[in-house]
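Note: hydrogens, waters and symmetry copies are ignored here, and every other heavy atom, side chains too, is used. Numbers restart at 1 for each chain; the letters A, B, ... are given by sequence-line order, proteins then strands. As the structure is a prediction and not an experimental result, all values here were calculated from the model.
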Number of protein chains: 2
Amino acid sequence: MTASAQPTHPRRSDATRAAILRAARERFAADGYERATIRAIAADAQIDPSMVMRYYGSKEGLFAAAAEFDLRLPDLNAVPPAHLGAVLIRHFLARWEGDETLVALLRAASTNPGAAERMRGIFADQLTAAVAVFGTDPAMTARRAGLVASQILGLAFTRYIVRLPPMVDTPPEELVSWIAPTLQRYLTGMPAS
Amino acid sequence: MTASAQPTHPRRSDATRAAILRAARERFAADGYERATIRAIAADAQIDPSMVMRYYGSKEGLFAAAAEFDLRLPDLNAVPPAHLGAVLIRHFLARWEGDETLVALLRAASTNPGAAERMRGIFADQLTAAVAVFGTDPAMTARRAGLVASQILGLAFTRYIVRLPPMVDTPPEELVSWIAPTLQRYLTGMPAS
DNA sequence: GTCTATAATTCGATAGAC
DNA sequence: GTCTATCGAATTATAGAC
């Protein structure tokens with residue numbers, strides 16, 4: 001992990017490992033867990049399929065390595081309270097368009113239990129922690145985070161997975177203007193009657 | 001289709017066909033398209049796997065028959081305008097809890113192109129048609145329907161597929177009180193700023 | 001480190017007896 | 001209509017030569 005912990009080897013085929021991970025993310029994102037084969041991933045990375053097994057042990061291990069993900073949520077305390085929803089939705093849109101790892105995770109989570117578990121972990125830990133700074137009681141905090149996740153993941157599902165035409169065609173800034181108030185209310189509002 | 005169109009046969013093994021469809025919906029909903037096998041579906045229905053092929057031709061044909069779905073949306077013109085969001089979210093929650101077909105379709109749509117196409121059709125045709133009664137221009141109508149779909153499918157994805165704990169634990173009526181205002185604004189509101 | 005060969009399963013689909 | 005038997009293909013994973 002850390003760059004200069006142990007100079008065991010002068011770095012060997014780290015480039016190969018990186019190429020495998022890149023190809024794996026692409027395939028998992030495009031085809032889902034079951035249809036993405038080790039053979040296809042190896043072909044994309046222009047290496048032998050057995051190398052994938054050697055480096056990552058199994059298909060599950062490869063996915064676990066490829067689906068490592070950090071939402072990189074900003075500190076919500078540093079955001080003007082009135083702009084919380086807009087900041088969040090802009091952050092997620094940028095994070096999604098720029099890194100296909102989250103799409104791979106989203107698609108795989110539908111059929112692979114391990115991927116679903118990781119999805120739960122990411123949103124339970126990272127998103128709930130970010131919401132927790134407002135300091136309401138834990139149950140309400142978890143509920144707010146869950147509601148935010150439902151709209152964020154629904155946006156991703158309709159735009160990147162199912163590709164509903166209106167959700168694909170709508171420009172990001174228009175999506176922001178519609179969805180920001182929703183997140184704002186989930187974060188700071190109260191349920192209606 | 002119609003019950004008494006042609007008395008060709010005094011009805012043979014229609015019960016078998018129905019048992020197959022029921023088992024298929026369960027398996028597709030629980031495992032997704034790829035992991036749900038014809039053998040497992042046949043075992044659940046307590047019939048021979050070759051019967052599935054005989055009746056439905058292929059796995060794709062079986063899925064197409066099992067994933068037939070009607071949202072049964074109410075006429076939104078008959079709903080008090082202020083209650084549109086609440087009526088819609090209650091309708092979807094009831095539709096989802098009572099029929100696993102939509103869960104099967106949702107899970108399969110992540111990895112199977114045909115299922116995704118069917119999902120697009122259902123929401124583009126049925127939901128857009130229901131929203132169209134308000135008679136704004138077609139582009140805006142499609143956009144409103146897409147936004148509604150994003151929140152509805154996000155709720156289903158987090159509650160029934162990924163099973164985020166706060167979304168599973170929250171009682172339906174509390175979900176309604178949070179989500180109804182969101183749908184209300186997507187249907188009748190204007191984008192912020 | 002890299003590759004060939006193959007083991008061990010599993011699946012969708014077909015052929016054909018009864 | 002129903003079932004047995006099986007084909008052919010594809011997959012993950014392993015063993016071992018070089």
Side-chain angles (χ1 to χ4, degrees), chain A residues 6-28 30-67 104 107-108 110-115, chain B residues 6-67 104 107-108 111-115:
Chain A
Q6 278 193 349
T8 51
H9 294 87
R11 267 169 228 79
R12 187 68 57 171
S13 52
D14 272 355
T16 303
R17 300 181 80 101
I20 293 174
L21 283 189
R22 189 152 32 86
R25 280 190 209 102
E26 280 180 26
R27 284 285 179 177
F28 283 131
D31 301 335
Y33 185 83
E34 285 80 13
R35 298 172 91 104
T37 68
I38 290 182
R39 289 164 143 85
I41 291 167
D44 289 353
Q46 292 180 318
I47 52 108
D48 191 272
S50 63
M51 292 281 84
V52 178
M53 301 299 298
R54 182 168 178 85
Y55 285 148
Y56 297 100
S58 68
K59 187 178 178 177
E60 284 277 354
L62 172 62
F63 180 81
R107 193 165 243 136
S110 292
T111 55
N112 185 266
Chain B
Q6 277 192 349
T8 50
H9 294 88
R11 268 169 228 79
R12 187 68 55 172
S13 51
D14 272 356
T16 302
R17 301 180 79 101
I20 293 174
L21 282 188
R22 189 153 31 86
R25 274 190 273 266
E26 280 181 26
R27 283 285 179 177
F28 284 130
D31 300 335
Y33 184 83
E34 285 80 13
R35 299 172 91 103
T37 68
I38 289 181
R39 290 165 145 87
I41 291 167
D44 289 352
Q46 293 180 316
I47 52 111
D48 192 273
S50 63
M51 293 281 83
V52 179
M53 300 299 297
R54 183 167 178 83
Y55 284 149
Y56 296 100
S58 68
K59 188 178 179 178
E60 284 277 352
L62 172 63
F63 179 80
R107 194 165 242 136
T111 55
N112 184 266

In whole Å, what is the span from the CD atom of B:Gln46 to the P atom of D:dT2? 14 Å
Of the non-hydrogen atoms in B:Glu34 and B:Asn112, which two are nearest, and what is the gap between them? OE2-N, 4.5 Å
Please report the end-to-end axis angle for the helix from C:dG1-D:dC18 to C:dC18-D:dG1, five pairs per end, rounded to 10 degrees. 10°
Restricting to salt bridge (charged side-chain N to carboxylate O under 4.0 Å, His left out), what partner residues turn up for A:Arg22, sequence neighbours left out? none
Using whole Å, report how far CG of B:Asp14 lies from P of D:dG1. 9 Å
Contacts satisfying ring pair (Phe, Tyr, Trp, His ring centres under 6.0 Å) that involve residues 15-51 of chain B (not counting sequence neighbours) are B:Phe28-B:Tyr33, B:Phe28-B:Phe63, B:Tyr33-B:Phe63
For residues 36-45 of chain B, tabulate all N or O donor-acceptor pairs below 3.5 Å that involve a side-chain atom, not counting sequence neighbours.
| from | atom 1 | to | atom 2 | distance (Å) |
| --- | --- | --- | --- | --- |
| B:Thr37 | OG1 | B:Ala40 | N | 3.0 |
| B:Asp44 | OD1 | B:Arg27 | NH2 | 3.4 |
| B:Asp44 | OD2 | B:Arg27 | NE | 2.7 |

Starting at CG of B:Leu62, measure out to CD1 of B:Ile20 and round the result to the nearest 0.5 Å. 7.5 Å
Atom pairs, protein N/O to nucleotides 13-18 of chain D N/O, distance under 3.5 Å:
| from | atom 1 | to | atom 2 | distance (Å) |
| --- | --- | --- | --- | --- |
| D:dA13 | OP2 | A:Lys59 | N | 2.9 |

Test side chain to side chain donor-acceptor pair (under 3.5 Å) applied to B:Arg54 - qualifying residues, sequence neighbours left out: none
Nearest heavy-atom neighbours spanning B:Arg107 and B:Asp31: CD-C, 4.2 Å
Within this structure, what is the CE-to-P distance between B:Met51 and C:dG12, rounded to whole angstrom? 16 Å
Pairing residues for A:Arg25 by the side chain to side chain donor-acceptor pair (under 3.5 Å) criterion, not counting sequence neighbours: A:Thr101
Rounded to whole Å, please give me the gap between CG in B:Asp48 and P in C:dA13. 15 Å
Quick one: which residue pairs count as a salt bridge (Lys or Arg N to Asp or Glu O under 4.0 Å) with a foot in residues 57-67 of chain B, not counting sequence neighbours? none
Using a heavy-atom distance cut-off of less than 4.0 Å, which residues of residues 29-37 of chain B contact DNA chain C? B:Ala36, B:Thr37
Who passes side chain to side chain contact (heavy atoms under 4.5 Å, CB included) against B:Ala65, sequence neighbours left out? B:Leu21, B:Tyr56
Please identify each residue that fulfils side chain to side chain donor-acceptor pair (under 3.5 Å) with A:Ser58, with sequence neighbours left out. none
Side-chain N or O of B:Tyr55 closer than 4.0 Å to phosphate OP1/OP2 of D:dT2: yes
